[in-house]
Amino acid sequence: MPSMMTRRRYSGPGLILATHNPNKLRELRSWLPDWLTDISSSGEWGLPVPDETGQSCAQNAAIKARATAMATGRVALADDAGFFVAALGGQPGHLMADWARREDGSTDYQQSFDRIQAGIGDSSDRSARFVCCLALGWPDGHVELFEGYKDGVVLPQPCGDNGFAYDTIFRPLDDTRSYAQMSLEEKNQISHRGHAFSLLLAEGLEAPKTL
């Protein structure tokens, strides 16, 4: 059903991607249209990582987009994802990065995988949902949100060498492979981030009019 709301659209050409993660930066860039010719990242701008104090993916994406746009005076795009495991009551959810963070601040996704597997235990329910929320933020503080999701199952062991984070333990319901066994192009076509980007491209971005 088409959206009835009137969205603010952006027609470029410059856009700042609110991330310091090179893997996420590569994936976000792969989705953007060619007419966005001036793309940079908050990491390249030397901006600090804002505190993600939100209680959902949407709130955290909005925090990052708004902070980046207001600091630079340019429109910014942020994304935030969550991994919701049914047998764990929806955990780790939007806290999935925290589950992978060691005491010294480094990242170890294996410790998060182990925690998830222990939480599932002998449960026959291994269902999980990946959620992605994209936030398009303007320097005046306005934010537009676009949320996508993908249902699947948690694999008992990591599988695949592509992707990043939880991609190795998630298999979509409509495929026999994990996200990490797919090429980036294949993953983009079906993923939670792909779903969110399809909404962004349809409702949030608009190619500039030519004379």
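Because only heavy atoms are used, hydrogens play no part in the values below, and waters and symmetry mates are left out as well, while side chains stay in. In this text, all values refer to a predicted model and were calculated from it rather than measured experimentally.
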Exercise. Counting distance only, does the side-chain N/O of Gln181 pair as donor-acceptor with the main-chain N or O of Asn162 below 3.5 Å?
Worked result: no

Given the options Phe130, Phe83, Tyr166, Tyr179 meets ring pair (Phe, Tyr, Trp, His ring centres under 6.0 Å) only with Phe130

- Query: Can you find a pair of side-chain heavy atoms, one from Asp80 and one from Lys64, that are under 4.5 Å apart?
  - Reply: yes

Here the pair of heavy atoms bringing His192 nearest to Cys132 is CD2-CB, 3.5 Å

Between Gln110 and Arg115: side-chain donor-acceptor atoms closer than 3.5 Å
no

- Indicate yes or no: does Asp108 engage Arg101 in a salt bridge with an N to O separation below 4.0 Å. no

| said: What I'd like to find out is whether the side chain of Glu52 reaches to under 4.5 Å of the side chain of Ile63, using heavy atoms alone. | reply: no

### Message
Test your reading of the model: is there a side-chain donor-acceptor pair from Gln117 to the backbone of Asp114, 3.5 Å cut-off?
### Response
no

Candidate pair Asp125 and Ser127, rule side chain to side chain donor-acceptor pair (under 3.5 Å), full reasoning
CA-CA 6 Å; Asp125 185 0; Ser127 61; 2.6 Å; yes

Is the closest basic N to carboxylate O distance between Arg8 and Glu144 below 4.0 Å? no

TODO: Find out whether Met96 and Tyr109 are in side-chain contact, i.e. whether some heavy atom of one side chain is under 4.5 Å from a heavy atom of the other.
DONE: no

Check this for me: Asp51, atom CG, are more than 12 non-hydrogen atoms of other residues, nucleotides or ligands nearer than 6.0 Å? no

N/O donor-acceptor pair under 3.5 Å between Asp151 side chain and Arg129 backbone: no

inquiry  = Taking the side chain as everything from C-beta on, heavy atoms only, tell me whether Glu147 gets closer than 4.5 Å to His195.
reply    = no

Min side-chain heavy-atom separation Leu205-Leu200 under 4.5 Å:
yes

Taking CG in Asp122 as the centre, count heavy atoms belonging to other residues, nucleotides or ligands within less than 6.0 Å. Is the count above 12?
no

- Message: For Asp161, I'd like to know if atom CG has over 12 heavy atoms of other residues, nucleotides or ligands within 6.0 Å.
- Response: no

Donor-acceptor contact present, side-chain Gln59 to main-chain Gln55, <3.5 Å: yes

In this structure, CG of Leu15 is separated from OG of Ser40 (nearest 0.5 Å) by 8.0 Å

Task: Tyr149, OH atom: more than 12 neighbouring heavy atoms under 6.0 Å - done: no

Rounded to the nearest 0.5 Å, the CZ atom of Phe84 sits from the CG atom of Leu95 at a distance of 8.5 Å

Under the side-chain contact (heavy atoms from CB on, under 4.5 Å) criterion, do Asn188 and Arg193 qualify, and how do the steps go?
CA-CA 7 Å; Asn188 278 351; Arg193 187 166 286 112; 5.9 Å; no

Check: Any luck finding a side-chain donor-acceptor pair between Thr72 and Trp45 under 3.5 Å?
Finding: no

Compare all side-chain heavy atoms of Leu32 with those of Leu17 and state whether any distance is below 4.5 angstrom.
yes

With a 4.5 Å heavy-atom cut-off, do Asp98 and Pro92 have their side chains touching?
no

Examine distances only and state if a side-chain atom of Asp79 and a backbone atom of Leu134 form a donor-acceptor pair shorter than 3.5 Å.
no

- prompt: Should Asp167 and Lys187 count as an ion pair when the cut-off is N to O under 4.0 Å?
  reply: yes

